[in-house]
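Notes follow once the structure below has been shown.
Order of the sequence lines fixes the chain letters, A, B, ..., with proteins taken first and strands second; residue numbering starts at 1 for each chain.
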2 protein chains.
Amino acid sequence: MPRNSPSDARRGRRAAQEGARPSVQDVAKLAGVAVGTVSNVLNNPDRVTEFTRRKVEAAIAELGFVRNFAARTLVAGTTNTVGLVLVDIGNSLFVDIARGAEAATAASGLKLLLANSDVDQAKQDAYLELFDQAQTAGLLLAPLDGPLDAARAIARRGRPIVVVNAPAADPDMCCVAVDEQLGGYLAAHHLIAQGARRLAFVGGPLHLHAIRDRLDGARQAATEASLDLTVIETHALNVRDGRTAGGNLLRQSRRVDGIVCASDPLAVGVINAAAERGVGVPDDLVVVGYDNNHLASESLIPISTIAQPGLRMGEVATQLLLEETQNDPDHRHQTVVLEPHLIARRSSQRRRPTTNRLRTP
Amino acid sequence: MPRNSPSDARRGRRAAQEGARPSVQDVAKLAGVAVGTVSNVLNNPDRVTEFTRRKVEAAIAELGFVRNFAARTLVAGTTNTVGLVLVDIGNSLFVDIARGAEAATAASGLKLLLANSDVDQAKQDAYLELFDQAQTAGLLLAPLDGPLDAARAIARRGRPIVVVNAPAADPDMCCVAVDEQLGGYLAAHHLIAQGARRLAFVGGPLHLHAIRDRLDGARQAATEASLDLTVIETHALNVRDGRTAGGNLLRQSRRVDGIVCASDPLAVGVINAAAERGVGVPDDLVVVGYDNNHLASESLIPISTIAQPGLRMGEVATQLLLEETQNDPDHRHQTVVLEPHLIARRSSQRRRPTTNRLRTP
DNA sequence: AGCATTATTTGAATCGATTCACGGGCGACT
DNA sequence: AGTCGCCCGTGAATCGATTCAAATAATGCT
């Protein structure tokens, strides 16, 4: 016994043609079933007869039905989507973080949406709010070096949020950080091991936590070796500032022979300045960059650098987020600190390394 | 006469404390007004008395009320959000496109969400579907070199979608493309003008539309000058393949003196290979890259390159999308073709350029 | 004061997918 | 034959913000 008249089916078809997007109602009418059945076909196919399923699927195909995500979300109260707000989509570290997060979310059947705050606090907060309003399962934030109030507010409202690459721990949220000080230390220590004795640090602005930490680490390594460390604060982390700083350093009478740069572009600039002055890299001057950007490995003189574990940062952050999402009762907010590592390339590899500070049995 | 009992207000407060997110209902109760009024405070503040507004805002603040985006979207049937699916978030061209799109959407009060398909057709289609389901105002797609069926289906369903950096025009959607052939032509023509006579093209794989077009353009320039063009197809567009290809080319007896590379990393590789063999760039060999990536300008020998107007691509695409969104009745799907331009740097600038082919009055 | 306007506020209806208590149909087992 | 269960399918109720016709308050005008 047919449960609905042919006119019902006709109406469903018409709705689609008239531009209004078909709903489960339309599909149900066309297929001659109840809306609940359509929903079951979509969400619990095994609760439905093969025959019914076919009918419904045919109707879906005929109408070009697409689920309304908003309605789903409204009922469910949440989504299977994670939002990631990035401070700078042009920086390969953040791209790596995004990749890591993508991999980890995809492995859990979640979608990852990105937003680029473009080093703008207002935009950052706006996108955080958007994701919060959109009922995302959780949020990831690779923030700029500023207040995290908006993120903290979201965390306190109960939406899971994990901060990646942030300077400090926080009682309200999980964080994933990198030991920047260790990075600076590794860089300087490496140069000293290569025989450098007159060290300099190039980077800035120093009000940025990360940069200051890197400087502190470098300074510690220098102090341990009883060496001085000249500091040149730059305005930005780009090639031009590196060239300027390098030029200034190499012009001085007591020339430096080892430079720790707070970024790879700075290192490129320093090396360019050295080339202009006929200072040989690595023979007369050893240089280390930071971040392992593409240009470090692809430069004519491959640049030694401190590599940040971007992919792992994204993965770990997502892991922490998922833990929190699953409402693990004994989840405690924590800060995971990952370690950077040195990638030694040509820019710091003396052909005739001094034996100084090399341990021999 | 009070419209609601104190217990109403208490209930609102309790709801928030119990973890369930407060709704407009809760706010209305706490503020002692109707839900419609709360909505007006949020959306039409000038329809509401100063006094009422204050009350409602206080309640919102006290409860930490956050709008439910899903409910809004369900009623409105659309959002003020645009989705952009990118084929490769690690490539600076696409980052530029994203930046352009961001700027243009922000200027129209829209938010831009990104998704990285990571050169994976399945992911690309999944994200397109997600954005479609999420009722975005429109979609932007910087696709991989594959079928655009999913995008076309979305377009036919009536959701505006614009394809950026796609190979071909399409009757169902607007597209923004770059004249790749012109880019190849400009590169080769420039090398010829610099005096190069034994030309090569390095790039691949050639089944990619863009690469083939660049080759065609370069070939055309060579033909016009009655010159041969050696073609080395590479597996990828990276430094390593460039070095290999460059090594092979420079080993030959009749050495090339001008190389058009289909990417900047390839050019870096070629230049590295030249340096290894003692071939001077630009004096013995002129080289042009493609895409104007960071490493082109920041290389020790700054690399001439064909710059794509990434920012403009993003802006124009967004413009087209917005036109379509506003249901302009006389909107016709169109393909806007933008032109790349040459950026001449040191890698192609002969110190003693031949006068050949230079026009004199 | 009396009436017309305008300014505020109200609250039921709406959007569309999901949920779930309910019921019809059918086979199995006693 | 009777009854217990199970399988499928049903459709009203639900999520929460917005809308809008209607009610009410406030103001202006004569």
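A sub-4.0 Å separation between OP1 or OP2 of C:dT9 and a side-chain N or O of B:T37 is absent.
Listed by chain and number, the residues in a side chain to side chain contact (heavy atoms under 4.5 Å, CB included) with A:E57 are A:V41, A:R53 (sequence neighbours excluded). Here B:E315 pairs with nothing under the side chain to side chain donor-acceptor pair (under 3.5 Å) rule; sequence neighbours left out. Residues satisfying the side chain to side chain contact (heavy atoms under 4.5 Å, CB included) criterion with B:S108, sequence neighbours excluded, are B:L110, B:L322. By the side chain to side chain contact (heavy atoms under 4.5 Å, CB included) test, A:A59 pairs with A:V27, A:L30, A:A31, sequence neighbours left out. Residues satisfying the side chain to side chain contact (heavy atoms under 4.5 Å, CB included) test with B:N40, not counting sequence neighbours, are B:N44, B:R47, B:V48.
Taken from CG in A:L130 to CG in B:N80, the straight-line distance is 7.5 Å, to the nearest 0.5 Å. In this structure, CD on B:Q124 lies 10.0 Å from CG on B:L86, to the nearest 0.5 angstrom.
Sequence neighbours left out, not one pair with a member in residues 63-79 of chain B passes salt bridge (Lys or Arg N to Asp or Glu O under 4.0 Å). Applying the salt bridge (Lys or Arg N to Asp or Glu O under 4.0 Å) test to residues at least two apart or on different chains, the pairs with a partner in residues 101-111 of chain A are A:E102-B:K123. A side chain to side chain donor-acceptor pair (under 3.5 Å) check over residues 142-153 of chain B, counting only residues at least two apart or in different chains, returns the pairs B:D145-B:H209, B:D149-B:R152, B:R152-B:D170.
Atom NZ of A:K29 is separated from atom C1' of D:dT10 by 15 Å (rounded to the nearest Å). Between B:N44 atom CG and D:dT19 atom P there is a gap of 7 Å when expressed in whole angstrom units. Residue A:N40 contributes atom CG, which lies 12 Å from atom C1' of D:dC7 at whole-angstrom precision.
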Filtered N/O pairs between nucleotides 13-17 of chain D and protein, under 3.5 Å:
residue, atom, partner, partner atom, Å
D:dA17, OP2, B:V24, N, 2.4

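Side-chain contact of A:E323 with A:Q319: a donor-acceptor pair under 3.5 Å is absent, judged by distance alone.
A salt bridge between A:D172 and A:R157 is absent, with no side-chain N of the basic residue lying under 4.0 Å from a carboxylate O of the acidic one. A salt bridge does not link A:K29 to A:D26: none of the charged nitrogens lies less than 4.0 Å from a carboxylate oxygen.
Scanning residues 48-60 of chain B for heavy-atom distances under 4.0 Å to DNA chain D yields an empty list. Scanning residues 126-137 of chain B for heavy-atom distances under 4.0 Å to DNA chain C yields an empty list.
Note that the two end axes of the helix from C:dA1-D:dT30 to C:dT30-D:dA1 enclose an angle of 40°, each drawn from 5 base pairs, rounded to 10 degrees.
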